[in-house]
Amino acid sequence: MDYNFSEIEQKWQAEWEKNGTYRVSNKSDKQPFYVLDMFPYPSGAGLHVGHPLGYIASDIYSRYKRQKGFNVLHPMGFDAYGLPAEQYAIQTGQHPEVTTNKNIKRYIEQLRKIGFCYDWDREVRTCDPNFYKWTQWAFLQMFNSYYDSALQKARPISELIAKWEANDPTWKTLSEKEQQERLMNYRIAYLSDTKVNWCPALGTVLANDEVSEGLSVRGGYPVEQRVMRQWSLRVSAYAARLLEGLDRVDWTESLKETQRNWIGRSEGAEMQFAVKGQDEPFTIFTTRADTVFGVTFMVLAPESEYVQRVVTDEQRAEVEAYLDRCKHRTERERIADRRVTGVFTGSYAINPLTNGEIPIYISDYVLAGYGTGAIMAVPAHDSRDYAFAKHFNLPIIPLIEGADVSEASFDAKEGKMMNSGFLNGMEVPDAIQAMKEYITNTGIGRVKVNYRLRDAIFSRQRYWGEPFPIYYKDGMPYAIPEDKLPLELPEVKEFKSTNGQPPLANAKDWTYEGHPLELCTMPGFAGSSAYYLRYMDPHNDKALVDKDVNAYWRQVNLYIGGTEHATGHLIYSRFWNKFLFDLGYVCEDEPFKKLINQGMIQGRSNFVYRYIGEGATGNLYISYNLIEQPEYKDKVQPIHVDVNIVHNDVLDITAFRNWMPEFRNAEFVFADGTSYDDNPYLAGPKQYICGCAIEKMSKSMFNVVNPDDVIAQYGADTLRLYEMFLGPLEMSKPWDTNGIDGVHRFLKKLWNLYETISNEEPTKDELRSLHKLIKKVTWDIENFSFNTSIPAFMIAVNELGKCNKRAILETIAILIAPFAPHIAEEMWHRCGHGTTVCDAEWPECNEAYLVEDNQNYPIQFNGKVRFTLSLPKTMSKEDVEKNVMADEQTTKYLAGNTPKKVIVVPGRIVNIVM
RNA sequence: GCCGCGGUGGUGGAAUCGGUAGACACGAAGGACUUAAAAUCCUUUGGCCAGUGAUGGCUGUGCGGGUUCAAGUCCCGCCCGCGGUACCA
């Protein structure tokens, strides 16, 4: 009986669909369990073999949980708005909706073939009006809310207005426009003039997490700073809660640490410095209040509002020139160029402790967006200040005993203070504390916590995104009533921005009751911030998610996805969820209880080596094993070859010649050094060995492996098993098809056991093998160690030999069902069952079968194992020792020595120390 | 620079609580079946040394120390690779 995987897989995929096997109900007596994959952006290239890694893992877990008796929600959908589809539209004129839907269709086909247990009735697409209605709705909630810092939660803005109406006499005197302007400072979704990351190539602004080292993460285009009027989300208001919440979720430490760094809590003090000859002081933020005695200059960010106040007439021209220069540098240039720059303002500040006069400078090493945009510079103990002081020849006053600041600053927060008035002799941490108390008591400043986390810029000057449900009256934004949602994305003639206006300016009649609508659309993270809630109740047109339904599923129990979303999506959706929690729309304030990052699957490229030495014809290729030989060394050129025409690093000659016209007449020097491939009388096949390298999986490297091809050749079950077999889920690893045969062979071997099934009683050994397997696989799945389960199955099948007993085979079908659902279903039915294996109860391990009468004790001498001794498991420590010492082999290895000590660990090991 | 993760045979990897390092698989070598090939099955396979041989010995988890009866695993100091982040005061 052949293992006809494609027949089996197609049959069961059709059956499951017909029977609605994977449909999930919101009404169940079972305990709920929610397993979620990060939904994909449907790119034009389709899925490659790296994408399903996390999906397979979550699918295994979902199926396992279902067999354990849970009601498992395991949905899939598409993050369908985004830049690539729109860039493609600009180039080709094809509507992004058309290409997006086409890509989604392809993705669904590919996903279906792998046999996932998704409930497709719950599929969501962020670009679907029925979906983005709720994205817009959430935005309106944010627009109509403010963050109450006393309560530490979002409240309806109407409460704030009511408060002002009752307590603030000026409120009523304001015009409507003035009132709106004031409210804008409080709304959670607000419009403001902000310094934004502008990407000219993409024609849009980007959020901080979409920029890396001055380049856009998507596409790698330069990004520059610009002040623009943009929508932002007040994520920073949630900084403290986003930080605190990390202690209550089960994520990896590294991911939590990345988020903590991104949020960047820093405890310090704000201090006032008077300006000589002026009434108004200015405020700086520092974490080293203890170093005030060493301040030798002050620095303002170029964009600081203090700049214009302190610049003197004599210095004005020089300052303006410097500001102008800063403005024209892109973020990237600033990062690349670490040379010290700056300019003196002409003014002096007064040190509040020493009353000394200190010059005020402007430099772009101080950031406007952090703290107060102004610092006190302590060159002796801050490396940036040190570099600046050296460059401008400013004094450096060491404050810590023994610190040598002749070559570099001493940044560490340790040591004894000196040159510091009343702080002298204190240890640094104590000095920081003492200074904080001092400035609080004297009113010079106050203790302050700062966060690095900024508000998220929420406008995009692009077409393919959610329209804002906002119109403008008198220059002020107003919300479209909720019952008018969704505000559908209009058709445009041109997807490109024209005359500096976003593409929506090209839409006909883009107005609401005669008022112009917002022209920007929302960013990619808008649609992905609450999609997990929508899966709970995807067809509800009254609410994002029904309260009872939300109360049933509560939160995502297991979330699997890539680590690249650590600072974007995973911050935004936590923020979004907390906001909805504040307003009482959801019942949990953290959306993802447990989170696992699957590793990346890298590509494994193959090369052929074209001979370019003397007499080269350009179509001779040297086998990889020969290229180091003298006649070929340094005379070959590696050329990427499509990995799909290479098997176990051996090139398919015919396929290679047909691959591209330039290889049509390719000649080879084979592994054995000969060059004839068409002589059937020569012994053995001629093999051309390819070289290999681990690189990113990409079209240009010809190393993309498509799951469809793997499925066609080996079947989905082999693909699923092999992806897990490759290594630990969380580790990055190259896709290397060498080895997939082993997994496929195992499935065949397993399959053959089910040819004729007997009702014979299993033996003790068979039961032991089975229950060992149950124990191992259960432990593995609970601990997400899927890679170790596959060998466990292999070992069990090897141990069982030709066993065909129903009692054993039935259970194995259940055990392997999460991993290889198609073959499991077929085997389950062969055992005589009529219902799906998905609902077959997960077996319990019976420890009684595992108990072995004897224990094989390794006997060590001075820690080296010399032999093993089989002794009864129940034997006491003393008896084990007696038996070991009485053994003739022990006498041999003791060689007349008297043991100093004998260590017996019952059930484990014996070590004799001589 | 800082933070995180990792380094085990020719390869992917296993060793879950400090207790027989290299499970399982790939590849390779040899063999069986076959006219031949594919498929399948069997044997060997970390390195070095000794022995005709069953076998025995030494060595071995990036490097150097340490703790321990016992270290891939724990501690200290380095080296290398990968990922993230970077004037955050």
Side-chain angles (χ1 to χ4, degrees), chain A residues 2 212-213 252-258 260-262 264-266 268 284-288 291 299 301 334-335 338 340 363-367 369-378 381-385 387-388 411 450-454 563-564 566-567 597 599-600 602 604 648-649 680 685 692 694 722 725-728 730-743 745-746 748-749 752 776 779-780 782-783 785 787-795 798 856-868 899-905 907-914:
Chain A
D2 276 352
S212 178
E213 306 205 350
T252 59
E253 207 41 53
S254 76
L255 185 58
K256 288 203 235 183
E257 203 52 32
T258 305
R260 285 190 192 111
N261 292 340
W262 188 259
R265 183 179 194 272
S266 121
I284 58 95
F285 175 75
T286 182
T287 54
R288 294 295 303 272
T291 60
V299 189
R334 255 181 69 168
I335 290 165
R338 284 294 181 93
V340 175
S363 176
D364 65 0
Y365 82 86
V366 175
L367 304 177
Y370 184 78
T372 61
I375 62 154
M376 62 179 212
V378 186
H381 303 290
D382 182 289
S383 51
R384 296 154 302 181
D385 297 344
F388 193 88
D411 290 14
N450 254 323
Y451 293 92
R452 197 191 89 119
L453 185 71
R454 314 280 172 79
T563 176
E564 66 273 19
T567 53
N597 291 123
M600 274 224 311
Q602 296 143 313
R604 186 178 186 278
N648 289 353
D649 289 337
C692 68
I694 306 307
Y722 188 57
F725 184 72
L726 269 177
E730 299 178 75
M731 252 173 51
S732 284
K733 56 238 160 188
W735 177 262
D736 184 351
T737 17
N738 303 350
I740 195 165
D741 292 307
V743 171
R745 241 170 259 164
F746 156 70
K748 272 196 217 169
K749 207 164 164 182
N752 285 331
K776 172 75 178 151
W779 192 93
D780 282 349
E782 296 276 4
N783 291 281
S785 176
N787 56 315
T788 51
S789 290
I790 320 294
F793 280 113
M794 292 174 171
I795 291 166
N798 287 343
N856 223 9
Y857 279 94
I859 313 300
Q860 296 183 332
F861 291 80
N862 287 337
K864 281 178 189 165
V865 180
R866 294 303 178 184
F867 62 97
T868 60
K900 282 196 198 118
K901 203 170 167 189
V902 178
I903 290 140
V904 178
V905 186
R908 281 207 184 265
I909 206 162
V910 177
N911 192 8
I912 299 164
V913 187
M914 296 189 287

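Order of the sequence lines fixes the chain letters, A, B, ..., with proteins taken first and strands second; residue numbering starts at 1 for each chain.
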[atom1] spacing across the pair [N] / [M], given as an integer number of angstrom:
N      : M      : atom1 : result
B:rA29 : B:rG66 : C1'   : 43 Å
B:rU34 : B:rA23 : C1'   : 34 Å
B:rG31 : B:rA36 : P     : 14 Å
B:rC79 : B:rC63 : P     : 15 Å

Please confirm whether the shortest side-chain N or O distance from [X] to OP1 or OP2 of [N] is below 4.0 Å.
X      : N      : answer
A:S266 : B:rA89 : yes
A:K864 : B:rG57 : no
A:R745 : B:rC26 : yes
A:K901 : B:rC69 : yes
A:Y857 : B:rU20 : no

Along RNA chain B (nearest heavy atom to each residue), the more 5'-positioned of A:Q860 and A:P734:
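Checking each residue's closest nucleotide, the 5'-ward one belongs to A:P734.
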If you assign A:N787 and A:T286 each to the RNA chain B nucleotide with the nearest heavy atom, which residue ends up on the more 5' nucleotide?
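Of the two residues, A:N787 wins.
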Just how far, in rounded Å, is P of B:rG7 from CE of A:M731?
7 Å
May I have the distance from A:N798 (atom CG) to B:rC41 (atom C1'), rounded to whole angstrom?
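Whole-Å distance recorded here is 13 Å.
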First locate atom CG of A:D780, then atom CG of A:N787, and finally report the distance between them rounded to the nearest 0.5 Å.
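The CG atom of A:D780 sits 7.5 Å away from the CG atom of A:N787.
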Are A:S383 and A:D411 close enough that a side-chain donor and a side-chain acceptor fall under 3.5 Å?
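Looking only at side-chain atoms, A:D411 and A:S383 do form a donor-acceptor pair, the distance falling under 3.5 Å.
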For a stem of at least 3 consecutive Watson-Crick or G-U pairs with distances under 3.5 Å, i pairing with j, i+1 with j-1 and so on, which stems involve RNA chain B?
B:1-7 with B:79-85, B:10-12 with B:24-26, B:27-32 with B:40-45, B:46-50 with B:55-59, B:62-66 with B:74-78
Side chain of A:L726 only, heavy atoms from C-beta on: which candidate in B:rG4, B:rC41, B:rG12 is closest?
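Of all the options, the side chain of A:L726 is nearest to B:rG12.
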As a test of reading the structure: which of B:rC87, B:rA23, B:rA25 is closest to the side chain of A:I795, going by heavy atoms?
B:rA23
